[in-house]
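Sharing a structure with you now.
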Amino acid sequence: QVQLVESGGGLVQPGGSLRLSCAASGSIFSGYAVGWFRQAPGKEREFVAAINWNGGSTYYGDSVKGRFTISRDDAKNTGYLQMNSLKPEDTAVYYCATAGSILASTQARGYTFWGQGTQVTVSS
């Protein structure tokens with residue numbers, strides 16, 4: 001049974017930073033793309049960032065470009081999302097996902113396994 005567990009969410013003031021982690025059971029990360037998505041109340045799931053199988057290519061949603069950085073450590077079976085200059089509109093549940101392809105996808109259907117999500121709240 002493959003499991004993804006996100007951590008690192010919480011409450012942060014505008015302008016602050018958080019680093020989300022996504023720990024995978026087994027070696028599911030190796031050889032597959034990893035993506036991060038988010039969903040705010042009443043809104044559809046939104047693409048945030050993705051990284052291809054070897055970390056050579058990264059992709060970002062327009063709303064987070066220049067502020068968020070995605071990375072991966074396959075030795076630790078863990079993916080990361082560094083979030084800087086956070087804004088109230090970044091408030092959402094953040095999900096990591098993996099498997100499906102070696103190439104990163106901006107679409108949720110491009111991923112097979114999903115975590116349960118971690119809440120990020122940006123508020124003063």
According to the disulfide bond (SG atoms under 2.5 Å apart) rule, which pairs have a member within residues 34-63, sequence neighbours left out? none
Could you note down all residue pairs passing side-chain hydrogen bond (donor to acceptor under 3.5 Å, both in side chains) where residues 95-104 supplies at least one of them, sequence neighbours left out?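 Of all non-adjacent pairs touching residues 95-104, none passes side-chain hydrogen bond (donor to acceptor under 3.5 Å, both in side chains).
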Does any N or O in the side chain of Q116 come within less than 3.5 Å of the main-chain N or O of E6, such that one atom is a donor and the other an acceptor?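 Checked: no pair found.
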Y111 vs F37 side-chain heavy atoms within contact, under 4.5 Å: yes
If you round to the nearest 0.5 Å, how far is CG of L81 from CH2 of W36? 6.0 Å
Atom CG of N77 and atom OG of S30: how far apart are they, to the nearest 0.5 Å?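 Taking CG in N77 and OG in S30, the distance rounds to 5.5 Å.
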Please tabulate, for side-chain N and O atoms in residues 46-54, each donor-acceptor pair with protein atoms closer than 3.5 Å (sequence neighbours left out).
from	atom 1	to	atom 2	distance (Å)
E46	OE1	R38	NE	2.8
E46	OE1	R38	NH2	3.4
E46	OE2	S63	OG	3.2
N52	OD1	G55	N	3.1
N52	OD1	G56	N	2.9
N52	OD1	S57	N	3.0
N52	ND2	N54	OD1	3.1
N54	OD1	G56	N	2.9

Rounded at 0.5 Å granularity, tell me how far CZ in F113 sits from CD in Q3. 11.0 Å
Which disulfide bond (SG atoms under 2.5 Å apart) pairs, counting each pair once, include a residue from residues 46-89, with sequence neighbours left out? none
For V5, the rest of its hydrophobic cluster, which grows through side-chain links under 4.5 angstrom: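 Besides V5, the cluster holds no residue at all.
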Under the salt bridge (charged side-chain N to carboxylate O under 4.0 Å, His left out) rule, collect the residues that match up with R67, sequence neighbours excluded.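 For R67 the salt bridge (charged side-chain N to carboxylate O under 4.0 Å, His left out) partners, ignoring immediate neighbours, are D90.
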Under the side chain to side chain contact (heavy atoms under 4.5 Å, CB included) test, residues paired with T112 that sit two or more places apart: A99
How would you list, by chain and number, every residue that makes a side chain to side chain contact (heavy atoms under 4.5 Å, CB included) with A23, sequence neighbours excluded?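 Result, side chain to side chain contact (heavy atoms under 4.5 Å, CB included) vs A23: T78.
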Could you tell me whether R72 and D74 have a side-chain N and a carboxylate O separated by less than 4.0 Å?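 Looking at R72 and D74, the cut-off is met.
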Any disulfide bond (SG atoms under 2.5 Å apart) pairs touching residues 74-124, not counting sequence neighbours? C22-C96
Under the side chain to side chain contact (heavy atoms under 4.5 Å, CB included) rule, what do Y94 and M83 come out as? Steps first, then yes or no, please. CA-CA 11 Å; Y94 283 71; M83 306 186 297; 3.8 Å; yes
Between W114 and A108, what is the shortest heavy-atom contact and its length? CZ2-O, 3.5 Å
So, do Y80 and V34 sit near enough that their side-chain heavy atoms are less than 4.5 Å apart?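 Result no, sub-4.5 Å side-chain heavy-atom pair not found.
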Determine whether L20 and V120 satisfy the following criterion, side chain to side chain contact (heavy atoms under 4.5 Å, CB included), listing intermediate values before the conclusion. CA-CA 9 Å; L20 305 183; V120 172; 4.0 Å; yes
Run the side-chain donor-acceptor check on residues 12-19: report pairs under 3.5 Å with partners two or more places apart or on a different chain.
from	atom 1	to	atom 2	distance (Å)
S17	OG	N84	OD1	2.9

Of the non-hydrogen atoms in T91 and A40, which two are nearest, and what is the gap between them?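 Reported closest heavy-atom pair: O-CB, 3.7 Å.
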Can you confirm whether more than 12 heavy atoms, excluding those of E89, are under 6.0 Å from its CD atom?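 Correct, the count exceeds 12.
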Please list, chain by chain and in numerical order, all residues satisfying salt bridge (charged side-chain N to carboxylate O under 4.0 Å, His left out) with K65, sequence neighbours excluded. D62
